[in-house]
Amino acid sequence: MAEVKLLGAWGSPFSRRVEMALKLKGVEYEYIEEDLGNKSPLLLKYNPIHKKVPVLLHNGKPIAESLVILEYIDETWKTNPILPEDPYDKAMARFWAKFLDDTCMPAIWQIMWSKENQREKAMEEAIQHLKTLENELKDKRFFGGETIGLVDIVANFIGFWLGAFQEASGMELVNKERFPVLCRWIDEYVNCSVVKQNLPPRDKLIAFLQSRFSASSWKY
Amino acid sequence: MADEVTLLDFWASPFGIRVRIALAEKGVKYEYSEQNLKNKSALLLQMNPVYKKIPTLIHNGRSVCESLIIVQYVDDAWKANAPFLPSDPHQRAQTRFWADFIDKKVFEITKKIWTAKGEELEGAKKDFIECLKLLEGELGEKPYFGGENLGYVDVAFVPFYCWFYAYETCGKFSIEAECPKIIAWAKRCMKKESVSRSLEDPKKVYEFVLELRKRLGVD
């Protein structure tokens, strides 16, 4: 019986974050794909409150919420730490991870799903947040410094999913002219081996997104 | 070199109260700086340029923002006494999960209780009680969420206790009638000086909520 199991979904950036951290630390795990349209009894048992993926099971004990899981993984398996030791640096990493999830991601979603007359406003807001993020990156190779850290892992949806959204929808939020620093980071990031191994197949993701967009008659 | 600690805060904010409790638990001397949220100070804008919100902690010239991140920072920076998080990684994860639950679910619902009317209000009250019952389940027979002493989840949640009177009066319901264990827990926390000195007078909070409702055009 595997000591570590992960309930995830192939297209979910939250689920892939956890896989990235586990692989980075060389942790062997059993992956269980969840059908989010038909949630398994296992998922409902181990995450009764949110009923979402990812859920990590370690020695039978469940942990939910990707940021909580990432900190747990870092504290349990000490190889290749993803959080700095210094309390202040750690607080900064947590801040930017939260900024990505609470502020950046919802703003980007807003563009995808808002009505045509509100889309420009949504774009402006997303651009502002991404500029703030870019300003934090500056001339560092990764948000984590020389190697990827918590913030880089959490930024996987900017590193990869956003590109897929853009291709699926025809919307262009991030390009080299507008975000030279962020694009440099994206190139470096997707070529990083531990990241490359933990991304969904691009064509499959684009096809999936296209079908969702057309199902909701979203037109950009 | 002595630590220089300043807290940019707003008296009624439960998020600010979290940090006040955390600093008090650790015995940290700090300067409390009341902020005017309708006319934000240059210091606040400089120290929290991303969100421009309170609470913002300034420690030896460097700022930390977002209340739960500040509480964890206070725990890490002043390690000597009163740890907020357990040492076991799985228990730490559970603790973080519940604090996140409070922020993601509970807070949004409480806003509806003092702003909504009719069906929306009834829905919010129901959701709130459901959340409290889940928290009661997590508390179990322990005196505090942290076990024998105040922990991270206690610090994250107890500040909302001084808003309960406002919720009950606006929503016309009794929290104690539905969730006596939570009220018993809150009163137990209030016996601690770090908590009783940090929470605001519920009647004052209610007056403030009435003002907010007027400003938002709720009444």
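All values reported here derive from a predicted model rather than from experimental measurement. By convention in this document, chain letters (A, B, ...) are assigned in the order of the sequence lines, proteins followed by strands, and residues within each chain are numbered from 1.
Remark: A/Lys131 NZ is packed, more than 12 non-hydrogen atoms of other residues, nucleotides or ligands lying under 6.0 Å away. Around atom NZ of B/Lys142, more than 12 heavy atoms belonging to other residues, nucleotides or ligands sit under 6.0 Å away. No more than 12 heavy atoms of other residues, nucleotides or ligands lie within 6.0 Å of NZ in B/Lys112, so this atom counts as exposed by the packing criterion. Environment of NZ in A/Lys52: sparse, with no more than 12 heavy atoms of neighbouring residues, nucleotides or ligands closer than 6.0 Å. More than 12 heavy atoms of other residues, nucleotides or ligands lie within 6.0 Å of NZ in B/Lys133, so this atom counts as buried by the packing criterion. Crowding of A/Glu120 atom CD: a count of heavy atoms from other residues, nucleotides or ligands under 6.0 Å not exceeding 12.
Your options are A/His50, A/Glu75, A/Glu71, and the one with the most heavy-atom pairs under 4.5 Å with chain B is A/Glu75. Note: A/Tyr88 leads A/Tyr88, A/Tyr72, A/Phe99 in heavy-atom pairs under 4.5 Å with chain B. In terms of heavy-atom pairs under 4.5 angstrom with chain A, the leader among B/Pro49, B/Pro89, B/Ala77, B/Cys65 is B/Pro89.
For chain B, the nearby parts of A/Ile49 are the backbone and the side chain; heavy atoms of each come within less than 4.5 Å. In this structure, the portions of B/Arg96 lying under 4.5 Å from any heavy atom of chain A include both its backbone and its side chain. Proximity to chain A is absent for every atom of B/Trp78, based on heavy atoms less than 4.5 angstrom apart. Interface remark: A/Lys90 contributes side-chain atoms only to the contact with chain B (heavy atom separation under 4.5 Å). Heavy atoms of B/Lys79 lying under 4.5 Å from chain A are absent altogether.
Rounding to the nearest 0.5 angstrom, the gap separating the CG atom in B/Asp103 from the CG atom in A/Asp102 is 8.5 Å.
Side-chain contact check for B/Val50 versus A/Trp96: some heavy-atom pair is nearer than 4.5 Å. Within the 4.5 Å cutoff, side-chain heavy atoms of A/Ile63 are placed close to those of B/Gln94. At a threshold of 4.5 Å between non-hydrogen side-chain atoms, the residues A/Arg94 and B/Glu66 do not count as touching.
The distance between the ring centers of B/Tyr51 and A/Phe95 falls below 6.0 angstrom.
Here the closest non-hydrogen pair linking A/Val68 and B/Ala93 is CG1-O, 3.3 Å. Minimum interatomic distance between A/Pro87 and B/Tyr73 (heavy atoms only, all atoms of both residues): O-CD1, 3.5 Å.
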